[in-house]
Amino acid sequence: MSTLLANLNEPQLAAVTLPAEHALILAGAGSGKTRVLTTRLAWLISTGQVGPQGVLAVTFTNKAAREMLTRLSAMLPVSTRGMWIGTFHGLCNRMLRAHHRDAGLPQSFQILDSQDQLAAIKRLLKTLNVDDERFPPRNLQHFINGAKEEGLRPAQVEAHDDYSRRCVELYQAYDDQCQREGVVDFAELLLRSHDLLERNQFIREHYQRRFRHILVDEFQDTNRLQYRWLGLLAGGGAAVFAVGDDDQSIYAFRGANVANMAAFEREYRVRNLIKLEQNYRSQGNILACANTLILNNRSRLGKNLWTDSGDGEPVRVHEALDDRQEAQWLVEEVRGLVRDGWARSDVAVLYRSNAQSRVIEHALFSAGLPYRVYGGLRFFERAEVKHALAYLRLIENPADDGAFLRVVNFPTRGIGARSLEALQDSARGGASSLFAAVAGLSGAAAAKLTAFTRLIDGLAAETRRLPLPELVEQVVERSGLAAHYLAEKEGQERLENLRELVNAAAAYLAEEGIGQDVPAAVGVAAAAAPLPANLLADVPEVLGDAAPEAGGAALPAMTPLAAFLSHASLEAGDNQAGEGADAVQLMTIHAAKGLEFDGVFVTGLEEGLFPHENAVTGTPRGGVRPGATDESGLEEERRLMYVAITRARQRLYLSFAQMRMLHGQTRYSMRSRFLDELPEGSLKWLTPRTQARAEPAWSEGYRGAWEGFDAPARGGARPAQGGAGASAWSSSTRGGAARGRADNGDTGRLGPHEQRAAQRFDRGIAYRVGQGVMHARFGEGVIVGIEGSGDDARVQVDFGRVGVKWLALSVAKLETLG
DNA sequence: TCGGTTCAGAGTATT
DNA sequence: TCTGAACCGA
């Protein structure tokens, strides 16, 4: 015990040892959140307040769940097997497996990942002859998932017009299709589990009695449905211990509802609110930047990070001419760090959007610096792996039409579109699965299709006695997949991935504690083999309550194969590229959340990119509203910046470029407003700090500037679309009231940005960004930047094909146009 | 049925 | 500019 609680700081200790009541822990970045969570768990158990079976701990990612399990077993001499620690989806899956009948699901229902779901929707639209131009599958997927995450079944979705009525119909048809085929999507796992708890008093009370303590990680990321799910579980008096950080809420776009934190505090009458503000990760200047920046957000619960490790180095800021130069500079800095003895893997390069990685990769590659890009295709998402899984799914559940269509003609068996159309017609007529409909078919196509179903039947029968890894191996061989990739020129890697799938099956069994000698296709309980503890350990207990006389042997059990398939859906695996190597780490800021590095580069700090244009204008969410600003979107971007900054332990670089290739066109942007929200004293500019920022291109001011501006006849002279990133502080300075020439210093109700811009204007340069000009030698151009004043004044002009030039006004002869 | 061409779209993402 | 998906011809 003493070792368990040793070295906790005061608020950490207070949180860990709170009484069995609801609590909200506001855990700042790097404040030891995971430690508090796991130590709380360990403390509750080791003090005998609750047994390992009496707690439920839920996370968002498998990684976080694994970490919690690992740390917990290091702290406690207790087997974590069978404990309810996992992701929302994993735990819901577990619950649905245990009560599949009550949940209205077949014993071995399969889980659709996003890819599968989209395919299912496309298939549905085709079957129903729906115009997929009017109802794009992606939109429908979004609509369906959105509804489910709000806890809404089709009947409960409000539809006020024909279009949304049709969407609701399609939602219903999609759910029917899933039900027919015995599959559930990710959102359905949660919703089904929620509905089960809500409707079935017996099951609900069982779990309410069982879980006395509910611990939730990353509470700021919960959506409404997850909040309600927790509510049902906690309804019997469990103590909810919610840990989160509203300042790190960066997933609103995928349904996260930060308001759940405030709602929790209110609805659960939380009396224990603890803030963890001591940061053990970053040095002072870095924290000062984070703290000062986030003060610009209005909607916060409020928190201020501190450290006792000193100021450390200043935060370095670099301005580059363009994206390539930014990357080049970065490469030089990294080289310097490596020379100084840094490991490359201690350095991370962060960016707002994936597209930005290309230029950086190019520069790193050219310099021979090893790097690793996070994200991308993961193991179980690979085409060849999905193909193999589709065969396995058919063995487990022949009604899975999605799996059927995926592999019926892969490798090719001469089964073309026409045969499949005939089959689909027949299946529709008989309301049966495609697999079942094959039997009723006649003609030339029938023979080939029958050969396919025989293959599957044969595999199912002959592999029934085999342990899972051997089953997988057999399927890879006899499906023809192995031969197919062997014959393919570039099939080597795919073949290796298929071999890896066999290993993954073996590893899965080992992890779940299922004996390797258990036949894969035979129900685990029926075979009297050890239960896959994580999946079924509590079933007897549940059924024991329901029907004390029912013995465990009568249990409907899931096969190791079915269990492995759901594992494959729920955990997509890593993208293995370059793992373990000493390489510079490249990733989006989103992907960096939760990680930390000695050195961090945050790149592309430009208006339009970061904060991202769409977030600021509220597009496409909420429709295109040019010129509008979206405060909540901007605040989320700022939190993203906060996350980025707080990844760094020791050294932080912030960089931006004056122009950047975007969508094939050169874009000019102002530096990000976030840079101007950092405390000057904590920064060190590596390049001269230029003057004021202007309003971003898409703002009110942008339109003001371009109105009345006649684009030069030669299209090339006009900056690329949205190009006058540096446009128009001239008009925006007056809050958009009077347009045109800025001629006074009325800065009364202006924000800091506008004020600075207005001051700049007072210095009396008669040019403005966005202004068309004519140069004797370079021709027509557009001003994209202004610097200095008086005799030192320079303007940056885009002359289209001629290029972008800085011109000193005292030297260059410019004529204004328009 | 494959392979080339064309076209649109290009923000962040876990399960 | 670059990518992925859809489409058409052999």
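If you're wondering where the values come from, they're calculated on a predicted model, not measured in any experiment. Chain letters run A, B, ... following the sequence lines, proteins first and then strands; every chain starts at 1.
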Applying a 4.0 Å non-hydrogen cut-off, can you work out what [X] is touching in the nucleic acid: base, sugar-phosphate, or nothing?
X: A/Asn62; answer: sugar-phosphate
X: A/Tyr251; answer: sugar-phosphate
X: A/Gly375; answer: nothing

For a quick test of reading the model: is some side-chain N or O of [X] closer than 4.0 Å to OP1 or OP2 of [N]?
X: A/Thr588; N: B/dA13; result: yes
X: A/Arg254; N: B/dT15; result: no
X: A/Asn409; N: B/dT1; result: yes
X: A/Asn354; N: B/dA13; result: yes

Under the side-chain contact (heavy atoms from CB on, under 4.5 Å) test against A/Val643, which residue among A/Val602, A/Leu350, A/Ile250 passes?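 That would be A/Ile250; it is the only one of A/Val602, A/Leu350, A/Ile250 passing the side-chain contact (heavy atoms from CB on, under 4.5 Å) with A/Val643.
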Between [X] ([atom1]) and [N] ([atom2]), how many Å, whole number?
X: A/Arg413; N: B/dC2; atom1: CZ; atom2: P; result: 13 Å
X: A/Glu613; N: B/dT12; atom1: CD; atom2: P; result: 14 Å
X: A/Glu149; N: B/dA13; atom1: CD; atom2: C1'; result: 12 Å
X: A/Glu381; N: B/dT15; atom1: CD; atom2: P; result: 10 Å
X: A/Arg660; N: B/dG11; atom1: CZ; atom2: C1'; result: 14 Å
X: A/Leu118; N: B/dA13; atom1: CG; atom2: C1'; result: 15 Å
X: A/Asn223; N: B/dT14; atom1: CG; atom2: P; result: 16 Å
X: A/Asn614; N: B/dG11; atom1: CG; atom2: P; result: 8 Å

Scan A/Phe380, A/Phe410, A/Tyr485 and name whichever one has a ring-ring contact (aromatic ring centres under 6.0 Å, His included) with A/His387.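 Among A/Phe380, A/Phe410, A/Tyr485, the one that satisfies the ring-ring contact (aromatic ring centres under 6.0 Å, His included) with A/His387 is A/Phe410.
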Between B/dT14 and C/dT3, how far is it from one C1' atom to the other, in whole Å?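 Going atom to atom, C1' in each nucleotide, I get 23 Å.
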With P as the reference atom in both, quote the distance from C/dA5 to B/dT12 in angstrom, rounded to an integer.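 Result for the P pair: 16 Å, nearest Å.
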Between B/dT1, B/dT15, B/dT12, which nucleotide gets closest to the side-chain atoms of A/Thr412?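 Side chain of A/Thr412 sits closest to B/dT1.
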Evaluation steps, side-chain contact (heavy atoms from CB on, under 4.5 Å), between A/Tyr251 and A/His590: CA-CA 9 Å; A/Tyr251 284 116; A/His590 282 91; 3.7 Å; yes
Nearest nucleotide by nearest heavy atom, which residue falls closer to the 5' end of DNA chain B, A/Glu637 or A/Thr61?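 Its nearest nucleotide lies further toward 5', so the answer is A/Glu637.
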Let me spell it out: for each of A/Ile415 and A/Gly90, pick the nucleotide of DNA chain B with the closest heavy atom. Which residue's pick is nearer the 5' end?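 Nearest-nucleotide comparison on DNA chain B picks A/Ile415.
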Looking only at the side chains, is there a donor atom on one of [X] and [Y] sitting less than 3.5 Å from an acceptor on the other?
X: A/Asp247; Y: A/Gln220; result: no
X: A/Glu607; Y: A/Ser669; result: no
X: A/Glu396; Y: A/Ser108; result: yes

About how many Å separate CG of A/Leu232 and OH of A/Tyr227, when rounded to the nearest 0.5 Å?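 Result: 12.0 Å between the selected atoms.
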Is the aromatic ring centre of A/Phe88 closer than 5.5 Å to the centre of the six-membered base ring of B/dT15, with the two planes inclined by less than 30°?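 Check failed, A/Phe88 does not stack on base of B/dT15.
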Quick tally for nucleotides 1-10 of chain C: nucleotides whose base has a protein heavy atom under 4.0 Å get B, sugar-phosphate-only ones S, the rest -, giving BS---S----
So that I know where these two stand, are A/Phe452 and A/Phe404 an aromatic pair - ring centroids less than 6.0 Å apart?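 Yes, close enough.
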Would you kindly check whether a donor in the side chain of A/Gln356 faces an acceptor in the base of B/dG11, or vice versa, at under 3.5 angstrom?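 Side chain to base: no pair present.
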Hey, is the side chain of A/Thr87 pairing donor to acceptor with the base of B/dT14 inside 3.5 Å?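 Per atom types, no contact qualifies.
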